[in-house]
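First up is the structure itself, then whatever we jot down about it.
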Amino acid sequence: MSILKSRLHEKILEHRPRTTRLLKEFGEKVIGEVTVSQAIGGMRGVKSLVTDISYLDPMEGIRYRGYTLPEVFEKLPKPPGAEMPYVEALYFMLLTGDIPTEDEMKEVLADFGNRRTIPHYVWDVIDSFPSESHPMAILSAAVMALQRESRFTVCYEKGISKMDYWDSTYEDATNLMSKIPLIGAYIYNKLYKPEAGHRYPDPALDLGGNFAYMMGQEKPYDDVARMYFIIHADHESGNVSAHTAHLVGSALSDVYYSTAAMINGLAGPLHGLANQEVLRWLQGLNEQMGDKTPSTEEMKQYVWDTLNSGQVIPGYGHAVLRKTDPRYTIQRDFCLKNLPDDKLFSLVSKLYEVVPDILREHGKAKNPWPNVDAQSGVVQWFYGITEYDFYTVLFAIGRSVGVLSNLVWDRALGYSLERPKSLTTAMIEDMVGANDK
Ligand code: HAX
């Protein structure tokens with residue numbers, strides 16, 4: 001058994017009694033309540049999911065296994081000469097809560113490298129899509145095609161103990177995590193760089209380095225990829241993509257079914273697609289201005305025009321966060337260091353100065369501050385990935401790190417089939433006395 005897998009197994013054995021005790025001794029204790037607004041309004045804030053992999057504080061932002069993002073970037077090991085950590089190190093940390101040592105890292109990297117082979121039928125599925133298809137639809141289908149490789153499904157059919165579900169789920173998760181960046185790069189080349197053809201993975205490179213290589217990108221895009229995948233990895237369990245994966249997995253659908261579901265949820269404009277929408281919206285502003293840089297007044301007008309036409313400002317607002325997203329700040333700091341004079345970055349920085357006040361004046365959004373999506377496209381654009389339809393695929397590769405870690409733990413702790421209760425409108429009216437007046 002690999003170091004990562006045996007460490008994970010130790011952690012699972014340590015953790016299981018805590019879950020069992022909570023259920024047995026404290027199962028009837030109340031930890032929250034549900035209001036009518038929450039039932040109708042997308043279950044905001046209902047405390048009904050459990051994960052130890054990340055926690056989102058509305059003011060502070062995300063912590064992975066207790067570490068803030070700046071701490072994650074500081075503590076995780078990095079490839080020689082790189083500024084950003086190994087994505088594989090994050091996978092190790094999300095699964096075990098431990099920072100991998102150098103020796104552990106070597107083994108994890110070799111293990112990931114050995115799992116990169118992709119069956120030919122997956123390329124055939126991708127190739128059969130028309131070039132106008134959205135890359136997220138292609139990614140979802142490619143992951144679904146890979147389902148045939150599921151070890152969990154084979155083990156389940158043979159009949160295994162619930163206690164062992166985590167093992168084959170871990171194998172599936174690590175296989176998919178190793179393969180999904182290759183699938184993403186293949187989709188990119190097929191749609192936007194057909195003349196370049198398919199690049200085979202370089203076994204000497206880590207996940208981020210190999211992704212950059214397969215995308216045909218020079219340094220420092222390897223670090224850009226590592227940063228991007230790490231900041232997008234997890235945002236606790238209730239967001240659409242993480243929750244969808246967990247929900248589908250709760251039926252014991254394997255990680256391929258669950259991850260494809262995650263991808264489908266992420267593809268919505270209120271969620272992951274917002275990073276594509278930010279770029280589309282910024283291009284709209286540029287087109288309106290011609291070559292001219294918009295003044296602050298012109299920018300304010302563009303924001304108001306968007307709001308007055310009943311649309312949202314993409315990249316702003318959040319269901320949980322109530323301050324600037326630290327994932328925005330990390331990318332902003334990266335831009336200040338690496339592309340301070342970039343035109344698009346200046347535009348995004350100026351928007352940061354005007355949008356929060358406008359959203360406050362508009363009076364609807366509970367959080368007027370930018371989220372991760374307001375900055376991520378700018379970085380990609382600067383390094384030559386200007387096909388913004390593709391940005392959510394990058395998000396999905398990053399989100400897989402968190403979603404797959406969670407799926408392994410879901411099976412390790414035997415989390416139940418999800419089945420919340422629904423009520424009719426009439427029942428709620430009765431319960432709250434709406435018919436009494
Ligand atoms: N622009 C304009 N109006 C906004 C807004 C924005 N950026 N953010 C919220 N609002 C509006 C909502 O549409 C809602 O209006 P109605 O009452 O008319 O329905 C009102 O303010 C209250 O919404 P909220 O409680 O503040 O926010 P929600 O929890 O309902 O929604 C969203 C959170 C992220 C969906 C929302 O802020 C939004 O649509 N933002 C723009 C899209 C975006 O950036 N999405 C990415 C979010 C981060 C993420 O998941 N990334 O993947």
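Atoms within a ligand are numbered from 1 in the order they appear, just like the ligands themselves.
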message = Can you list everything that forms a salt bridge (Lys or Arg N to Asp or Glu O under 4.0 Å) with K337? Sequence neighbours excluded, please.
response = E83

remark   = Less than 4.0 Å from some atom of ligand 1, heavy atoms are found in residues R44, L270, H271, G272, A274, L307, V312, I313, P314, G315, Y316, G317, H318, A319, L359, K364, A365, K366, N371, D373, F395

ask   = Charged N to carboxylate O under 4.0 angstrom, R151 versus D254?
value = no

request  = For D206, check salt bridge (Lys or Arg N to Asp or Glu O under 4.0 Å) against everything at least two apart and list the hits.
outcome  = R226

Selection residues 220-239 - residue pairs positive for ring-ring contact (aromatic ring centres under 6.0 Å, His included), sequence neighbours left out = F211-F229, Y228-H232, H232-F395, H235-H318

request  = Indicate whether any N or O donor in one side chain lies under 3.5 Å from an N or O acceptor in the other, for T153 and R148.
outcome  = no

request  = Over 60° means perpendicular and under 30° means parallel, so classify the ring planes of F152 and Y165, tilted if in between.
outcome  = perpendicular

